[in-house]
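Note sheet for the following structure.
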Amino acid sequence: MNSFSEKLTAAIRAKQTPVCVGLDPRWEFLPESLRQPSQLHDQNEHVQRAAAFAEFCQRVIDVVAPLVPVVKPQVAFFEQLGPPGLIALGQVIAHARKRGLLVIVDAKRNDIGSTAAAYADAYFGPTASWPADALTVSPYLGEDSLLPFVSAARENGGGVFVLVKTSNLGG
């Protein structure tokens, strides 16, 4: 099994660029054709928005797949829509993989012990709900909290991007 760094290097060489396309769908910035007003109740609105997020991201993937090696969906935009959003995230990841792209899931996850291991299982391995080639994680709970992610990534040919410095003013 190739390591994530080997897969990433090969993908960058094949596409001749290190560009990673972020997938951060925001309702107010989607094309009008995807934001048709709904008369539906709140939960159904989440279903409609999640479907629009999935369609938008899949369209972006279709455009960039011949050009870049990696996409990076931001989990928060999908999570805000509850279960329909997480289903849409799964659809986006599957579509990116189908188009031959590596997927870095930008979730900045972490916690202690068994909880960190559960997060790692959600993103790495044959039964992962949101199968990532790599995952962003937060180191602020200490080295021992990172080990489940590193172990799961290593076992499954995945990668871990550890948050070091952020782009926000307070970072």
Side-chain angles (χ1 to χ4, degrees), residues 1-26 46 50 53-54 57-58 60-61 64-65 68-171:
M1 173 183 334
N2 289 342
S3 70
F4 174 72
S5 60
E6 291 169 330
K7 290 186 271 189
L8 180 60
T9 299
I12 289 171
R13 286 188 176 141
K15 300 288 175 77
Q16 299 180 357
T17 183
V19 172
C20 172
V21 173
L23 300 172
D24 300 20
R26 291 175 176 88
H46 283 174
F53 280 12
C57 290
Q58 289 170 356
V60 170
I61 288 166
V64 303
V68 303
V70 184
V71 292
K72 183 177 62 70
Q74 171 45 261
V75 173
F77 293 104
F78 296 92
E79 281 183 347
Q80 71 182 342
L81 300 175
L86 293 176
I87 291 168
L89 174 63
Q91 293 167 340
V92 168
I93 291 170
H95 190 72
R97 289 176 161 281
K98 183 175 132 186
R99 293 302 311 263
L101 296 171
L102 293 174
V103 178
I104 301 170
V105 175
D106 191 0
K108 298 175 187 76
R109 292 289 187 245
N110 210 341
D111 211 320
I112 59 170
S114 61
T115 308
Y119 277 135
D121 288 345
Y123 296 100
F124 293 117
T127 61
S129 297
W130 300 279
D133 292 294
L135 177 68
T136 61
V137 298
S138 173
Y140 298 114
L141 293 172
E143 180 181 354
D144 58 322
S145 69
L146 295 174
L147 293 178
F149 295 101
V150 173
S151 294
R154 187 174 286 144
E155 289 171 20
N156 295 286
V160 175
F161 285 87
V162 180
L163 182 64
V164 176
K165 178 158 176 47
T166 59
S167 60
N168 63 308
L169 293 176

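For the single chain, residues carry numbers from 1 onward in sequence order.
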Side chains of T17 and P69 in contact at under 4.5 Å (non-hydrogen atoms): yes
Qualifying side chain to side chain donor-acceptor pair (under 3.5 Å) pairs with a residue from residues 111-121, counting only residues at least two apart or across chains: none
F78 side chain near P25 side chain, heavy-atom distance below 4.5 Å: yes
L89 side, atom CG; L23 side, atom CG - distance, nearest 0.5 Å: 10.0 Å
Non-hydrogen side-chain atoms of N110 and P139 separated by less than 4.5 Å: no
L8: side chain to side chain contact (heavy atoms under 4.5 Å, CB included) partners, not counting sequence neighbours: F4, I12, V70, L102
Close side-chain approach of T136 and L163, heavy atoms under 4.5 Å: no
V21 vs V60 side-chain heavy atoms within contact, under 4.5 Å: yes
Minimum heavy-atom distance between P73 and I93, given as atom pair plus value: CG-CG1, 4.4 Å
Rounded distance [0.5 Å steps], NZ in K98 versus CD in Q91: 11.5 Å
Heavy atoms from other residues, nucleotides or ligands near CZ of R99 exceed 12 (cutoff 6.0 Å): yes
Which atom of A50 lies closest to which atom of P84, heavy atoms considered: CB-O, 3.3 Å
Heavy-atom pair with the smallest gap, counting every atom of C20 and V71: SG-C, 4.2 Å
Those residues that, when tested against R97, pass salt bridge (charged side-chain N to carboxylate O under 4.0 Å, His left out) (two or more places apart): D133
Min side-chain heavy-atom separation V64-K15 under 4.5 Å: no
Pair listing, salt bridge (charged side-chain N to carboxylate O under 4.0 Å, His left out) test, anchored in residues 75-93, at least two apart: E79-R109
pair W130-V103: side-chain heavy atoms closer than 4.5 Å: no
Results of salt bridge (charged side-chain N to carboxylate O under 4.0 Å, His left out) for K72 - residues two or more places apart only: D106
Intermediate values then yes/no, side chain to side chain contact (heavy atoms under 4.5 Å, CB included), L146 and V160: CA-CA 9 Å; L146 295 174; V160 175; 5.7 Å; no
Nearest non-hydrogen partners of F124 and G158, listed with the distance: CE2-CA, 3.9 Å
Side chain S151, main chain P148, donor-acceptor under 3.5 Å: no
L135 CG to F149 CZ distance, which is reported to the nearest 0.5 Å: 6.0 Å
Within residues 143-165 or reaching into it, pairs that qualify as salt bridge (charged side-chain N to carboxylate O under 4.0 Å, His left out) - sequence neighbours excluded: none
